[in-house]
A.B. asks: 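If you scroll down you'll find the structure; I have some questions about it.
The structure displayed is predicted, hence computed values, not measured ones. First the proteins, then the strands, lettered A, B, ... as listed; each starts at 1. Every heavy atom of this structure was used, including side-chain atoms; hydrogens, water molecules and symmetry mates were not.
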4 protein chains.
Amino acid sequence: MWGVTATTPDAAPVDQERKAPGRPRSPRADEAIIEAVLDLLTEGNPAESISIESVAARAGVGKATIYRRWSNKEALLVDAVASVKGEPPRIKGESVRDDLVALLRPIAVPAHSRAAKIMPCLWSEIHRSPELHRCVQKISEPRRELMREVLRRGIGSGELRADLDLDLVLVMLMGPLISQTMTGWNPNLDRATLPERLVDMLWPAIARP
Amino acid sequence: MWGVTATTPDAAPVDQERKAPGRPRSPRADEAIIEAVLDLLTEGNPAESISIESVAARAGVGKATIYRRWSNKEALLVDAVASVKGEPPRIKGESVRDDLVALLRPIAVPAHSRAAKIMPCLWSEIHRSPELHRCVQKISEPRRELMREVLRRGIGSGELRADLDLDLVLVMLMGPLISQTMTGWNPNLDRATLPERLVDMLWPAIARP
Amino acid sequence: MWGVTATTPDAAPVDQERKAPGRPRSPRADEAIIEAVLDLLTEGNPAESISIESVAARAGVGKATIYRRWSNKEALLVDAVASVKGEPPRIKGESVRDDLVALLRPIAVPAHSRAAKIMPCLWSEIHRSPELHRCVQKISEPRRELMREVLRRGIGSGELRADLDLDLVLVMLMGPLISQTMTGWNPNLDRATLPERLVDMLWPAIARP
Amino acid sequence: MWGVTATTPDAAPVDQERKAPGRPRSPRADEAIIEAVLDLLTEGNPAESISIESVAARAGVGKATIYRRWSNKEALLVDAVASVKGEPPRIKGESVRDDLVALLRPIAVPAHSRAAKIMPCLWSEIHRSPELHRCVQKISEPRRELMREVLRRGIGSGELRADLDLDLVLVMLMGPLISQTMTGWNPNLDRATLPERLVDMLWPAIARP
DNA sequence: CGTTAATCGAGACGGTACGTCCTGTCTTCGG
DNA sequence: CCGAAGACAGGACGTACCGTCTCGATTAACG
């Protein structure tokens with residue numbers, strides 16, 4: 001799973017699996033480095049304040065050991081983030097509305113998992129790095145797909161309008177939460193209840209007339 | 001207009017705008033500094049590559065003259081950008097829907113001005129300091145207030161429901177655009193038409209039944 | 001007494017004494033500036049650590065007020081030092097040996113006067129500045145002349161050899177004390193008793209055989 | 001020979017000169033830095049005008065590489081000077097008087113070497129820090145010890161009095177020369193002949209009666 | 001079992017930029 | 001015109017990281 005962007009020419013196809021000569025890379029170092037990045041992020045350090053040197057020190061590892069695996073800070077961040085991806089929340093599958101709310105709530109109240117604590121630290125870097133951006137997209141895609149399925153189920157059951165643009169609905173539900181997370185919460189809007197208010201507000205627009 | 005985040009304790013005491021003692025700050029320096037930042041940005045330098053030193057050199061100004069006005073690079077960048085973002089778009093005041101779309105469009109399609117090239121570079125920096133965040137809020141507040149006024153007008157005219165939570169509506173309209181700008185545009189959603197689709201989609205939820 | 005090196009074109013000869021137009025320079029500022037320099041030196045700050053800014057702040061004076069009077073730090077230091085010159089010690093005039101010891105002791109034990117505390121701070125600057133050097137020479141000249149007179153008295157009374165090179169004797173008496181002050185005291189040599197040990201040691205070389 | 005005042009904790013623990021971990025410091029950098037300082041000094045730049053930055057540029061070295069070795073400018077200057085002062089002069093060992101004169105002369109007439117141009121610039125800096133002072137002491141100690149040995153030899157051979165305080169004699173011989181070097185030469189005293197005049201003058205006081 | 005070769009922690013390398021401080025000049029106001 | 005206050009361009013300071021490099025010491029598989 002490591003090495004998504006790593007420098008290693010581990011492109012040894014499949015067939016021959018020639019073992020590289022010399023001392024093999026230590027998997028303990030891999031772990032320690034990723035773990036150090038994640039620790040630093042979880043402690044609330046903004047992504048751009050994380051220096052390779054601090055990661056090396058925290059991981060008890062030489063700088064070269066990092067640069068041997070990742071060509072720069074961005075690549076390291078990408079792999080570190082890729083390694084967390086908490087599982088998407090369980091949904092009950094009974095009510096479309098409740099399922100949507102259940103899927104939205106973790107975005108608004110990101111208190112529980114480590115992934116949740118890390119995500120906000122990354123917004124800063126996403127714009128600098130298309131790579132990181134794709135990575136974050138990939139991580140969040142399962143959740144989005146889950147929402148699409150819930151919507152399709154609602155359409156299938158006749159609860160929702162059949163002509164919905166799923167992506168549009170998605171962005172109308174998640175966008176407000178994401179923007180609030182990034183630009184700071186409007187004090188007039190309660191984090192905890194915003195997901196259900198969003199769904200309820202949008203309901204007349206998506207429900208079958 | 002400069003100095004939104006500037007360090008100056010421009011605490012006009014109470015009474016009469018007492019003139020500060022000593023030599024006043026040179027407006028020429030203000031201009032030269034902002035202009036230098038803007039030049040560097042429009043030349044294609046990525047925002048994070050812009051150093052205070054390069055700005056000082058370009059502006060023909062001492063570093064201290066910059067630090068006297070802005071406490072760090074982000075503050076300077078923000079003010080530079082703020083100086084370039086035109087005033088909120090004129091609205092016709094005829095149709096609530098058209099006014100909303102007109103106010104939203106520049107967020108989705110910031111294409112023309114110099115600000116367009118610059119703004120995206122700044123999301124990166126927003127999360128660092130609460131101060132910077134407040135600054136950005138302040139800059140965008142006029143546009144939000146304008147939208148609130150449009151909504152209030154619609155309520156007054158009976159076009160919209162009277163029990164709307166204006167902030168909630170605001171976040172449902174702007175959030176999707178902002179999040180798309182920040183996290184990258186979903187290729188299934190057209191930037192140009194998204195504003196009107198958002199308004200139209202939300203219309204059944206906010207229009208008087 | 002001020003203005004030994006000052007910039008002022010106070011070379012208005014004598015005859016005409018045309019009063020300068022405008023507000024006359026405040027003598028209070030003169031005093032405050034010199035006093036500030038002296039304070040800073042007395043507090044043990046080495047001469048090279050004294051900045052014009054610190055002097056201005058301490059004196060409650062604008063920097064320009066200093067530069068109007070002295071062209072640079074060196075000139076200011078020179079005048080400050082020139083203003084102190086404690087009077088040379090009283091000598092009894094009974095014994096040549098005792099008089100020499102009395103004149104040497106303040107060099108070795110510079111505890112009393114302000115001048116004594118300031119002098120060591122200046123060694124640093126003396127080499128940079130011929131001007132300051134001349135100034136210090138002038139200040140210490142009376143003491144040296146006094147010693148020469150004591151020696152001449154001894155020669156006249158037949159107590160000392162007639163063929164003495166007074167300057168050589170002087171440098172053999174003062175040199176060791178000055179060098180100890182500058183390069184740090186050899187712990188094997190007691191500051192308090194060194195003057196008399198020097199004189200006694202040298203006595204066979206200068207006394208009439 | 002480098003690093004007399006260097007920052008390195010070359011605390012060889014106890015036993016065996018354990019090699020420090022990590023890449024060893026480059027001797028080429030040491031040389032280049034010292035050489036750059038010496039070049040700048042010999043080109044006539046006054047000592048206080050030499051900046052770490054100019055040294056780094058001239059040596060083709062990063063500033064950190066300098067600060068890793070010396071904690072400040074004076075320490076660097078001292079080591080640079082120390083590297084250039086030749087070993088103490090060879091003494092013939094025949095006559096005590098001639099040996100003393102031979103050892104004193106380089107203090108009075110430091111004319112030939114590069115050291116000659118440099119040393120006077122350093123008195124300025126000596127008073128700043130005790131550390132620097134100790135360093136200078138250490139550098140000059142060999143010469144002083146050599147003089148003590150000459151004096152002991154004279155005592156052993158019966159040429160000199162047995163009850164001499166060697167430190168006192170030392171300071172009486174070197175002090176006048178040092179003070180003349182530092183405070184400027186009395187025009188009545190010839191630099192070239194002062195050493196022998198000092199020894200001859202003091203001779204009756206130190207020779208066995 | 002020794003050789004070979006890439007790894008490891010450690011830290012020095014040449015650089016770039018930081019944010020602070022001071023210099024000597026200038027520009028404002030009020031006395 | 002002088003006073004204080006303080007902004008101005010310039011430049012050095014000492015620090016922090018960057019990404020590269022060089023050490024001696026491991027740590028495998030190959031021969």
Side-chain angles (χ1 to χ4, degrees), chain A residues 18-26 28-29 32 49-57 59-73, chain B residues 8 18-26 28-29 49-57 59-69 71-73, chain C residues 20-26 28-29 49-54 56-57 59-73, chain D residues 8 18-26 28-29 32 48-57 59-69 71-73:
Chain A
R18 286 284 285 104
K19 188 59 182 297
R23 176 174 174 176
R25 292 196 182 159
S26 153
R28 293 177 41 90
S49 84
I50 292 182
S51 64
I52 295 281
E53 302 220 320
S54 65
V55 173
V61 138
K63 283 201 294 176
T65 303
I66 297 180
Y67 280 110
R68 211 172 282 125
R69 290 163 165 76
W70 294 276
S71 58
N72 49 47
K73 187 159 68 177
Chain B
T8 325
R18 289 280 291 105
K19 185 66 180 297
R23 177 175 173 175
R25 297 201 179 154
S26 154
R28 293 177 43 92
S49 84
I50 291 182
S51 64
I52 295 279
E53 305 216 320
S54 63
V55 173
V61 139
K63 282 202 291 177
T65 302
I66 298 181
Y67 282 110
R68 211 172 281 126
R69 292 164 164 75
S71 56
N72 49 51
K73 187 158 63 180
Chain C
R23 176 172 173 177
R25 291 193 183 163
S26 153
R28 293 178 41 89
S49 83
I50 292 182
S51 64
I52 294 281
E53 302 221 319
S54 64
V61 139
K63 285 202 293 175
T65 303
I66 297 181
Y67 280 109
R68 210 171 281 126
R69 291 162 164 76
W70 295 274
S71 58
N72 50 45
K73 188 159 65 177
Chain D
T8 327
R18 289 280 293 102
K19 184 68 183 296
R23 176 175 175 176
R25 297 201 180 152
S26 154
R28 292 175 46 90
E48 76 266 12
S49 84
I50 291 183
S51 65
I52 294 280
E53 305 216 320
S54 64
V55 173
V61 139
K63 281 201 293 176
T65 301
I66 298 182
Y67 281 110
R68 214 172 278 125
R69 291 162 163 75
S71 57
N72 50 51
K73 189 159 62 178

A.B. asks: Provide the closest heavy-atom pair for Ile66(A) versus Ile52(A) in the form atom of the first, atom of the second, distance.
C.D. replies: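 Minimum heavy-atom contact is CD1-O, 4.0 Å.
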A.B. asks: Within the structure shown, what part of the strands sits under 4.0 Å from Ala64(C) by heavy-atom distance: base, sugar-phosphate, or nothing?
C.D. replies: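 Ala64(C): base contact, heavy atoms under 4.0 Å.
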A.B. asks: Does Ser26(C) reach a base, just sugar-phosphate, or nothing at all? Heavy atoms under 4.0 Å.
C.D. replies: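 The answer is sugar-phosphate, as Ser26(C) gets under 4.0 Å only of primed atoms, P, OP1 or OP2.
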A.B. asks: Grab the two heavy atoms, one from Ala59(D) and one from Ala32(D), that are nearest each other, plus how far apart they are.
C.D. replies: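 Scanning both residues, the minimum pair turns out to be CB-O, 3.5 Å.
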A.B. asks: Which of the following nucleotides, dC17(F), dC18(E), dG19(F), is nearest to the side chain of Tyr67(B)?
C.D. replies: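 For Tyr67(B), the side-chain atoms sit closest to dC18(E).
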A.B. asks: Roughly, in whole Å, what's the span from CD1 in Ile66(C) to P in dC22(E)?
C.D. replies: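 Answer to the nearest Å: 13 Å.
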A.B. asks: Rounded to the nearest 0.5 Å, what separation is found between the NZ atom of Lys73(D) and the CD1 atom of Ile50(D)?
C.D. replies: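 Rounded to the nearest 0.5 Å, the NZ-CD1 separation comes to 8.0 Å.
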A.B. asks: Rounding to an integer number of Å, can you tell me how far Arg69(B) CZ sits from dC8(F) C1'?
C.D. replies: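 After rounding, the gap between these two atoms is 9 Å.
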A.B. asks: Which heavy-atom pair separates Arg69(B) from Ser26(B) by the least distance, and what is that distance?
C.D. replies: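 Here Arg69(B) and Ser26(B) meet closest at NH2-O, 3.1 Å.
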A.B. asks: Between Val61(D) and Asn72(C), just flag the one whose closest nucleotide in DNA chain E comes earlier from the 5' side.
C.D. replies: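 With Val61(D) and Asn72(C) compared, the 5'-side residue is Val61(D).
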A.B. asks: Taking donor-acceptor contacts at under 3.5 Å, does the side chain of Lys63(D) reach the base of dG14(E)?
C.D. replies: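 Donor-acceptor pair under 3.5 Å: no.
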A.B. asks: Rounded off to whole Å, could you give me the CZ-to-C1' distance for the Arg68(A) and dA10(E) pair?
C.D. replies: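 Distance check: Arg68(A) CZ to dA10(E) C1' gives 12 Å.
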A.B. asks: What integer distance in Å separates Arg28(D):CZ from dC23(F):P?
C.D. replies: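 Rounded to the whole Å, the gap is 12 Å.
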A.B. asks: Return the value, rounded to whole Å, for the distance between atom CD of Glu53(A) and atom C1' of dG9(E).
C.D. replies: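 Spelled out: CD on Glu53(A) to C1' on dG9(E) is 14 Å.
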A.B. asks: Please compare Ile52(D) and Ser54(A) by the position of their nearest nucleotide in DNA chain F and report the one closer to 5'.
C.D. replies: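 Nearest nucleotide further toward 5': that of Ile52(D).
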A.B. asks: Expressed in angstrom and rounded to an integer, what is the separation of Arg25(A) atom CZ from dG9(E) atom C1'?
C.D. replies: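 The answer, rounded to whole Å, is 16 Å.
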A.B. asks: Is there a donor-acceptor pair under 3.5 Å between the side chain of Lys63(C) and the backbone N or O of Ala56(C)?
C.D. replies: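 Not confirmed, Lys63(C) side chain does not pair with Ala56(C) backbone.
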A.B. asks: Just compare dA5(E), dT23(E), dA17(E) and give me whichever is closest to any side-chain atom of Pro21(A).
C.D. replies: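 Of all the options, the side chain of Pro21(A) is nearest to dA5(E).
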A.B. asks: Which is more 5' along DNA chain E, the nucleotide nearest Ala56(A) or the one nearest Gly22(B)? Just name the residue.
C.D. replies: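 Looking at the nearest nucleotide for each, Ala56(A) comes out on the 5' side.
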A.B. asks: Using heavy-atom distances to pick each residue's nearest nucleotide on DNA chain F, tell me which of Pro24(B) and Thr65(C) is more 5'.
C.D. replies: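 That would be Thr65(C).
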A.B. asks: Rounded to whole angstrom units, what separation is found between the CZ atom of Arg23(A) and the P atom of dT26(F)?
C.D. replies: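 Taking CZ of Arg23(A) and P of dT26(F), I get 9 Å after rounding.
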